[in-house]
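One structure is given below, encoded as structure tokens.
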Amino acid sequence: MKQLSIYIHIPFCVRKCSYCDFLSFPSKENEREEYVETLLEEIRLESSGYAAYEVRTVFFGGGTPSLLTPAQMERIMVCLRESFRFADCMEISVEANPGTVNRESLSAYLDLGFNRLSLGLQSSSDRLLRKLGRIHTFDMFLEAYEAARAAGFGNVNVDVMSALPGQSAAQYCETLQKVLSLTPRPTHISAYSLIVEEGTPFYERQKEGRLPLPTEDEEREMYALTARILGREGYERYEISNYARPGFACRHNLVYWTRENYLGLGLGAASMVENIRMSNEDDMEAYSARIKRGLPRQQGQKLSVQEQMEETMFLGLRLADGVEKEAFARTFGRSMESVYGNVLAKHERNGLLISGDRVRLTGKGIDVSNYVMADFLF
């Protein structure tokens, strides 16, 4: 049976963060309820095309999925289970922000089958959290983390960010140390550098010269601190920005990097099934109108073999294990060297790639990963 992962997009948040360019926005209770009803209709509508697939992972992202009530989450989970074939051993993840969950709601999530929780901390500094536009303090994060553990979540990710406005390497190190002092420790840590995206308040402030970002050297120092500190404490870096204790790599995220089948449901959600990429409308009115009329999403784009090879290398090199040469040849009927021989040789000479049975970035290559991966685009 074919394998499938499902992403559920919940686009609502309490307040838009100053750095966020995701499809998310504040909402009222009635708007959230209307959205849930539309989402249920979409689940039923789309499921008819996936009778031959078995779902291995489900991920609720956003936005802030934990803004929905446990009763609304239950309706979505029941609908998913009724509409799709679920595997026996599932990874079912939900993102949550401190200040939007408590022990009761987290216990309800566990009862519904959620077994992986991702909490957005970003920084242990309340000053930096205010700059980011976050709704929580560090103490509120601690309360949420303790509630998750008390409720019974054994697999918890914590998000942290570096290269924030006004952040020093010492302050970032303090955040990492405080995360590592949690009892029990997180099973997974996602560590991202801030990217100032167009259309965000941070982008406007940067254009006006009002965003005091760390220097390139300071950012590089924070980047190195992450790998050094988390590696020393037993976390394996399995993807450029993700670290996990053995056995706790996020199975759903690995689907994206290895180009397996995933179906996105909800406003603006993207899918990639059998090398066809599709996306839902990012306008709520248009999305709701189509679903209410019972119309499937528009036919997506079938990726060419060239595009598939590009994605295999570009996405696969994000992984610590890199890309297996034999798998590449089996998939495309051509050796990796016959397609990318010059690129491989160039970056091996410069110490940015290691090439054996698998091709992967070196530590030096990870530091300039975007430069290296761009060379694999035709």
Side-chain angles (χ1 to χ4, degrees), residues 91 93 98 116-129 132 138-139 141-142 144-146 148-149 153-164 166-195 213-254 257 316-322 351-354 356 358-373:
E91 178 192 84
S93 305
R116 184 177 184 276
L117 178 71
S118 182
L119 280 175
L121 167 59
Q122 317 315 348
S123 174
S124 63
S125 165
D126 289 345
R127 177 184 63 84
L128 290 177
L129 291 173
L132 293 173
F138 181 61
D139 283 345
F141 163 79
L142 291 177
Y145 187 85
E146 291 166 3
R149 289 306 200 176
F153 269 100
N155 189 358
V156 180
N157 169 67
V158 174
D159 286 343
V160 297
M161 294 180 70
S162 60
L164 302 177
Q167 184 185 46
S168 67
Q171 289 170 330
Y172 176 63
C173 184
E174 182 179 5
T175 292
L176 291 178
Q177 296 294 354
K178 286 186 175 181
V179 169
L180 291 170
S181 70
L182 296 168
T183 305
R185 285 180 170 179
T187 52
H188 190 285
I189 297 173
S190 296
Y192 303 101
S193 293
L194 173 69
I195 298 175
L213 295 173
T215 66
E216 190 173 308
D217 286 343
E218 289 171 328
E219 181 176 353
R220 190 176 294 112
E221 182 182 357
M222 294 182 210
Y223 197 72
L225 275 171
T226 309
R228 186 164 64 249
I229 292 174
L230 296 185
R232 186 178 64 215
E233 297 299 327
Y235 288 83
E236 298 175 349
R237 185 183 203 170
Y238 69 96
E239 191 270 339
I240 286 178
S241 300
N242 287 284
Y243 299 77
R245 294 172 65 182
F248 287 96
C250 179
R251 290 162 51 193
H252 186 88
N253 283 344
L254 286 171
W257 308 134
L317 284 174
R318 292 189 61 92
L319 296 171
D321 287 342
L352 304 180
L353 283 179
I354 295 176
R358 311 182 73 95
V359 175
R360 59 183 178 84
L361 294 168
T362 63
K364 182 180 175 183
I366 290 175
D367 290 340
V368 290
S369 57
N370 288 339
Y371 160 71
V372 177
M373 291 187 291

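The basis for the numbers below is simple: all heavy atoms, side chains too, and nothing from hydrogens, waters or symmetry mates.
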Using atom types as modelled and distance alone, determine if a side-chain donor or acceptor of Arg185 lies under 3.5 Å from a backbone N or O of Arg245.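 No, the answer is negative, given that no donor and acceptor are paired below the 3.5 Å cut-off.
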Give a yes or no on whether a salt bridge exists between Asp217 and Arg220, defined as a side-chain N under 4.0 angstrom from a carboxylate O.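 Answer for the salt bridge query: yes.
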Using 30° and 60° as the class limits, which term best fits the ring planes of Phe141 and Tyr145: parallel, tilted or perpendicular?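 The arrangement is tilted - the two ring planes meet at 30° to 60°.
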Would you kindly check if the NZ (Lys) or CZ (Arg) of Arg237 is within the cone defined by 45 degrees around the ring axis of Tyr223 and under 6.0 Å from the six-membered ring centre?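 Yes, a cation-pi geometry holds between Arg237 and Tyr223.
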Quick one, Asp159 with Ser118, criterion side-chain contact (heavy atoms from CB on, under 4.5 Å). Give me CA distance, side-chain angles, the key distance, then yes/no. CA-CA 7 Å; Asp159 286 343; Ser118 182; 4.0 Å; yes
Residue pair Cys250, Glu91: steps toward the side-chain contact (heavy atoms from CB on, under 4.5 Å) verdict: CA-CA 8 Å; Cys250 179; Glu91 178 192 84; 3.8 Å; yes
Show the nearest heavy-atom pair for residues [X] and [Y], with the distance to one decimal.
| X | Y | result |
| --- | --- | --- |
| Asn155 | Arg149 | N-NH1, 4.1 Å |
| Arg318 | Ser241 | NH2-OG, 3.9 Å |
| Ser181 | Lys178 | OG-O, 2.7 Å |
| Tyr235 | Pro186 | OH-O, 2.7 Å |
| Thr362 | Gly351 | OG1-O, 2.6 Å |
| Ala249 | Ala244 | N-CB, 3.6 Å |

Is the shortest heavy-atom distance from the side chain of Arg360 to the side chain of Leu319 under 4.5 Å?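 They are not in contact (no side-chain heavy atoms under 4.5 Å apart), so the answer is no.
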Side-chain contact, heavy-atom cut-off 4.5 Å: Leu361 with Leu353?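 Answer yes - side chains close enough.
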Do Tyr243 and Thr226 have side-chain atoms, one donor and one acceptor, less than 3.5 Å apart?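 Looking only at side-chain atoms, Thr226 and Tyr243 do not form any donor-acceptor pair under 3.5 Å.
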Worked check of side-chain contact (heavy atoms from CB on, under 4.5 Å) between His188 and Tyr238: CA-CA 11 Å; His188 190 285; Tyr238 69 96; 2.6 Å; yes
Is the CD1 atom of Ile354 crowded by more than 12 outside heavy atoms at less than 6.0 Å?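 For Ile354, atom CD1 is crowded (more than 12 foreign heavy atoms under 6.0 Å).
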